[in-house]
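These notes concern the structure reproduced below.
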Amino acid sequence: QVQLVESGGGLVQAGGSLRLSCAASGSIFSIDAMGWYRQGPGKQRDMVATITSGGSTIYAPSVKGRFTISRDNAKNTVYLQMNSLKPEDTAVYYCNAAVLVSTPTFNTLDAWGQGTLVTVSS
């Protein structure tokens, strides 16, 4: 009903930058909060950054000042600009969105993407 597709992951050296994108598609009426989460090897999935439809943001302390989350509401897309990357940022990054669908009835879905791998080498 709703799909989130991430792109932009890859291998980068420490100190480098990457930009992740996540596009939502399907039977979307509107999208409230969108966000990025990550899961490193042997770790739990943690919040990286979130953004509301009005543009309010929250960042994990470990990425504040290095990562920037943004969104294009017209394109149902959220971005994560990652600068000054560190080896500890290595993880699978997942996109998340609170999607209001109108078919068959109005309902809010907690949608997740399939994940994109970010590897930061030292």
Side-chain angles (χ1 to χ4, degrees):
Q1 202 171 18
V2 174
Q3 299 82 37
L4 300 184
V5 178
E6 299 115 333
S7 61
L11 174 64
V12 65
Q13 288 188 331
S17 298
L18 282 175
R19 189 193 195 209
L20 306 183
S21 299
C22 171
S25 62
S27 303
I28 298 170
F29 183 81
S30 66
I31 301 178
D32 190 5
M34 303 184 80
W36 291 95
Y37 293 72
R38 67 186 181 186
Q39 187 167 16
K43 298 181 180 180
Q44 66 182 20
R45 188 177 300 188
D46 293 323
M47 186 274 289
V48 175
T50 63
I51 184 168
T52 66
S53 57
S56 297
T57 59
I58 297 175
Y59 294 93
S62 60
V63 306
K64 202 167 186 180
R66 299 188 296 123
F67 292 9
T68 302
I69 189 171
S70 60
R71 64 190 283 175
D72 185 331
N73 291 329
K75 296 182 179 179
N76 290 331
T77 299
V78 63
Y79 306 96
L80 185 68
Q81 178 66 43
M82 305 184 294
N83 299 328
S84 302
L85 282 160
K86 304 175 181 180
E88 51 263 44
D89 294 319
T90 294
V92 177
Y93 284 71
Y94 297 91
C95 174
N96 173 258
V99 182
L100 179 64
V101 298
S102 58
T103 59
T105 60
F106 278 100
N107 186 33
T108 299
L109 301 180
D110 185 29
W112 290 90
Q114 80 288 351
T116 185
L117 178 62
V118 172
T119 303
V120 184
S121 63
S122 57

Quick one: ring pair (Phe, Tyr, Trp, His ring centres under 6.0 Å) pairs with a partner in residues 62-119, sequence neighbours left out? F29-F106, Y37-W112
Can you list everything that forms a side chain to side chain donor-acceptor pair (under 3.5 Å) with S17? Sequence neighbours excluded, please. N83
Is it true that atom CG of L100 has more than 12 heavy atoms of other residues, nucleotides or ligands lying nearer than 6.0 Å? yes
Does the pair V118 and R38 meet the rule for a side-chain contact (heavy atoms from CB on, under 4.5 Å), with working shown? CA-CA 9 Å; V118 172; R38 67 186 181 186; over 6 Å; no
Please report the interatomic distance OG1(T90) to CG(L85), rounded to the nearest 0.5 Å. 8.5 Å
Shortest non-hydrogen separation from G35 to I69 and the atoms involved: CA-CD1, 4.1 Å
Side chains of residues 2-16: which donor-acceptor partners sit under 3.5 Å, not counting sequence neighbours?
unit_1, atom_1, unit_2, atom_2, d
Q3, OE1, S25, OG, 3.3
E6, OE1, Q114, N, 3.0
E6, OE1, Q114, NE2, 3.3
E6, OE1, G115, N, 2.7
E6, OE2, C95, N, 2.7
E6, OE2, G115, N, 3.3

Spacing of CZ belonging to R45 relative to CG belonging to N96, to within rounding of 0.5 Å: 8.5 Å
Distance in Å, I31 CD1 paired with T77 OG1, rounded so as to fall on 0.5 Å steps: 8.0 Å
Atom pair CD (Q44) and CD (Q39), whose distance is rounded to the nearest 0.5 Å: 8.5 Å
Where Q1 and L109 come nearest, the two heavy atoms and their spacing: OE1-CD1, 3.8 Å
For S70 and I51, which heavy atoms make the closest approach, and how far apart are they? CA-CD1, 3.9 Å
Report yes or no: do V92 and V78 belong to one cluster of Ile/Leu/Val/Met/Phe/Trp/Tyr joined by side chain heavy-atom distances under 4.5 Å? no
Going by disulfide (SG to SG under 2.5 Å), name the pairs with one or both residues in residues 40-80, residues two or more places apart or in two chains. none
Are M82 and V120 close enough, and set up right, to give a side-chain contact (heavy atoms from CB on, under 4.5 Å), and what steps lead you there? CA-CA 11 Å; M82 305 184 294; V120 184; over 6 Å; no
Between the OG1 atom in T116 and the CG atom in L20, the distance rounded to the nearest 0.5 Å is 6.0 Å
Salt bridge (charged side-chain N to carboxylate O under 4.0 Å, His left out) contacts in which one or both residues fall within residues 59-87, not counting sequence neighbours: R66-D89
Strictly by side-chain hydrogen bond (donor to acceptor under 3.5 Å, both in side chains), give each pair with a member in residues 49-58 just once, sequence neighbours left out. none
